[in-house]
**Q** 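The following block contains the structure, expressed as structure tokens.
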Amino acid sequence: MKSSRLHITNNKGVKLNAYLELPANQRPNYYAIFAHCFSCSSTLSAVKNISRSLTNHGFGVVRFDFTGLGRSEGEFADSHFSANVEDVIAVNNFITSEYEAPSLLVGHSLGGAAAIVAASRLDNIKAVATIGAPATVNHVTHLFSHAIDEIKDKGEVSVNIGGRSFRINKEFVSDFEKTDLPEITKNLRKPILIMHSPFDIVVGIENAQKLYHNAHHPKSFVSLDDADHLLSKSKDSKYAGNIIGAWVGRYFEPVENTMLSTWGEQLVAHLNLLEDNFTTNMQTKNHTFVADEPVSFGGDDFGPSPYDFLSASLASCTVMTLKLYAERKKWDLQEVFVYITYTKKHSDDLGLDLDKPTRLDVLDKKLKFVGNLDDTQINRLKEIASKCPVHKTLLSDTIINTTVIEE
């Protein structure tokens with residue numbers, strides 16, 4: 001994906017730091033805004049993972065820092081709930097003006113509450129997804145309840161939230177009492193997806209129940225199983241992002257995929273070295289997929305490795321070839337499993353007598369057939385498995401022409 005840094009001015013003249021994540025083709029079908037959790041920032045790994053997962057579903061995603069948080073200007077004391085909602089609206093207006101009106105709001109924790117309220121005020125927003133959101137806005141005050149009396153006496157105090165020090169004032173505290181989130185949710189009348197972990201000890205699962213009860217159909221609930229509140233495990237945030245991307249497709253009109261220029265070729269791969277380690281977005285005319293390296297190799301493990309794709313190409317071509325052959329022969333082949341492992345092995349270990357012993361590329365292909373087949377049919381299918389086009393290409397003297405395209 002491509003990520004661009006944006007600076008957006010809210011209605012109080014405060015510059016908000018934001019990032020726009022784009023799909024591999026850099027031409028999103030729709031735009032979404034991500035509102036992060038209370039006292040977090042747009043660089044939280046869960047925020048990035050969810051945003052990048054949504055780009056694989058054709059979204060351009062804006063993740064931004066609320067006033068006084070992350071790299072945005074302003075004071076945290078000015079980042080009360082009403083100000084959070086205004087920040088979401090400011091980002092929405094900027095993206096509408098500079099790009100295209102966003103259609104989806106995604107909010108995490110208190111950001112989920114802000115997303116619901118902002119969606120109620122923005123006609124262009126067609127759907128909302130919340131993650132670990134509270135059912136009442138003032139739920140968050142328990143984080144600094146120990147300091148409320150001191151705030152009343154002194155007007156402003158420093159409190160510790162999540163191991164960090166923030167200064168909050170009377171307005172910051174009182175603002176959380178002003179919003180009737182259950183009533184706003186009841187009147188929203190837009191598709192809403194409520195995601196929550198039953199083991200969330202920060203915002204309990206009963207909050208999801210209340211939100212779901214108040215919302216009108218179409219409404220959906222997805223359990224995040226054993227995830228924690230911050231979705232600190234990457235598998236949880238990636239899952240959440242993919243679920244949102246699949247869910248929202250139910251309510252948005254499909255848009256034909258517009259390709260990044262392939263210069264007449266079949267596929268394009270794009271890696272932004274300034275934003276990513278090895279995460280590479282690839283796209284054909286109708287499909288987008290991601291390649292990466294495992295964490296052990298310095299990658300983020302957002303997708304299969306290049307050699308995984310090589311193995312996948314051989315495996316998929318094999319099963320398709322076997323299907324066509326078995327159907328033509330009218331054999332009872334019901335299912336095919338092809339297991340591929342790529343390694344490098346020394347010619348001596350392979351028992352090869354070469355003039356110059358060397359390490360060779362080896363692809364081990366194992367087949368499993370399900371169906372009523374005799375030994376003759378099984379042996380013939382094994383032979384056919386070696387005749388698929390990709391198998392032949394890998395064994396042929398392949399020529400790869402490399403040129404540089406001048407902009």
Side-chain angles (χ1 to χ4, degrees), residues 23-25 53 56-58 238 242 246 256-257 259-271 278-294 297 299 301-345 347 349-352 358-403:
N25 64 356
S53 295
N56 294 329
H57 291 269
K238 293 174 187 175
N242 285 324
E256 184 177 352
N257 192 20
M259 269 298 296
L260 175 68
S261 176
T262 59
W263 299 86
E265 308 302 332
Q266 297 172 349
L267 178 145
V268 59
H270 174 255
L271 171 59
F278 295 102
T279 306
T280 301
N281 281 273
M282 297 177 289
Q283 186 162 339
T284 63
K285 182 178 180 180
N286 297 312
H287 303 285
T288 298
F289 39 104
V290 177
D292 209 331
E293 292 288 358
F297 194 75
D301 201 24
F302 286 136
S305 72
Y307 275 103
D308 287 338
F309 276 108
L310 177 67
S311 298
S313 178
L314 177 59
S316 59
C317 184
T318 299
V319 297
M320 293 177 189
T321 299
L322 290 171
K323 164 193 161 61
L324 292 173
Y325 185 83
E327 286 182 346
R328 183 164 61 85
K329 290 290 188 177
K330 294 182 170 43
W331 290 354
D332 184 34
L333 178 62
Q334 300 169 15
E335 297 180 62
V336 182
F337 296 85
V338 176
Y339 303 91
I340 304 288
T341 297
Y342 167 82
T343 56
K344 275 187 173 291
K345 296 181 180 179
S347 55
D349 296 329
L350 295 169
L352 300 176
T358 185
R359 290 174 62 82
L360 300 172
D361 296 292
V362 178
L363 285 160
D364 288 311
K365 180 193 291 188
K366 298 180 180 179
L367 309 173
K368 178 181 177 181
F369 303 125
V370 177
N372 185 20
L373 303 167
D374 58 34
D375 290 342
T376 300
Q377 291 171 323
I378 290 173
N379 289 330
R380 182 56 178 161
L381 288 173
K382 178 183 176 183
E383 294 176 10
I384 296 301
S386 299
K387 298 181 183 296
C388 83
V390 172
H391 191 121
K392 291 181 177 180
T393 297
L394 290 171
L395 294 179
S396 68
D397 294 328
T398 303
I399 297 173
I400 299 177
N401 296 315
T402 303
T403 58

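Keep in mind that what you see is a predicted model, and the values were worked out from it rather than measured. Positions are given from 1 along the sequence.
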**Q** For a 4.5 angstrom cut-off between non-hydrogen side-chain atoms, does Gln266 reach Thr284?
**A** no
**Q** Which class fits the ring pair Tyr325 and Trp331: parallel under 30°, tilted 30 to 60°, perpendicular over 60°?
**A**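 Tyr325 vs Trp331 ring planes: perpendicular.
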**Q** For residues His57 and Pro23, determine if any side-chain heavy atom of one lies less than 4.5 Å from a side-chain heavy atom of the other.
**A** no
**Q** Less than 4.5 Å apart, any side-chain heavy atom of Tyr307 and any of Thr343?
**A** no
**Q** Could you check whether any side-chain heavy atom of Leu360 comes within less than 4.5 Å of a side-chain heavy atom of Thr358, counting everything from C-beta outward?
**A**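 Counting from C-beta outward, Leu360 and Thr358 do come under 4.5 Å.
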**Q** Is there side-chain contact between Val370 and Val336, with at least one heavy-atom pair below 4.5 Å?
**A** no
**Q** Side-chain contact, heavy-atom cut-off 4.5 Å: Val362 with Leu350?
**A**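 Yes; the side chains approach each other to less than 4.5 Å.
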**Q** Looking only at side-chain N and O atoms, does Asp364 offer a donor or acceptor that is under 3.5 Å from a partner on Thr341?
**A** no
**Q** Return the OG1 to CG distance between Thr403 and Asn401, rounded to the nearest 0.5 Å.
**A**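 The OG1 atom of Thr403 sits 8.0 Å away from the CG atom of Asn401.
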**Q** Within a 6.0 Å radius of atom CZ on Phe297, are there more than 12 heavy atoms belonging to other residues, nucleotides or ligands?
**A** no
**Q** Salt-bridge test for Glu327 and Lys323: reply yes if a basic N is under 4.0 Å from a carboxylate O, no otherwise.
**A** yes
**Q** Decide if atom NZ of Lys344 counts as having more than 12 heavy atoms of other residues, nucleotides or ligands within a radius under 6.0 Å.
**A**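 Enclosed.
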**Q** Taking the side chain as every heavy atom from C-beta outward, state whether Leu310 and Ile340 have any pair of such atoms under 4.5 Å apart.
**A** no
**Q** Any luck finding a side-chain donor-acceptor pair between Asp308 and Ser305 under 3.5 Å?
**A** yes
**Q** Can you confirm whether the side chains of Asp375 and Gln377 place a donor and an acceptor under 3.5 Å from each other?
**A** no
**Q** Can you tell me how far CG of Leu333 sits from CG of Leu322, rounded to the nearest 0.5 angstrom?
**A**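 It comes to 7.0 Å.
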**Q** Any donor-acceptor pair under 3.5 Å linking the side chain of Thr398 with the backbone of Thr393?
**A** yes
**Q** May I ask you to test the His391-Leu314 pair for a side-chain heavy-atom distance under 4.5 Å?
**A** yes
**Q** Examine distances only and state if a side-chain atom of Thr280 and a backbone atom of Phe278 form a donor-acceptor pair shorter than 3.5 Å.
**A** yes
**Q** So, taking the atom named OG1 in Thr318 and the one named CG in Leu381, what distance separates them when rounded to the nearest 0.5 Å?
**A**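 Thr318 OG1 to Leu381 CG: 12.0 Å, rounded to 0.5 Å.
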**Q** Just by distance, do the side chain of Thr321 and the backbone of Cys317 share a donor-acceptor pair under 3.5 Å?
**A** yes
**Q** So that I can tick it off, tell me whether Asp349 and Arg359 are bridged by a salt bridge, with the cut-off set at under 4.0 angstrom between side-chain N and carboxylate O.
**A**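 A salt bridge is absent here (no side-chain N lies under 4.0 Å from a carboxylate O).
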**Q** Mind checking whether Phe337 and Phe369 have ring centres under 6.0 Å apart?
**A**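 Ring centres of Phe369 and Phe337 not closer than 6.0 Å.
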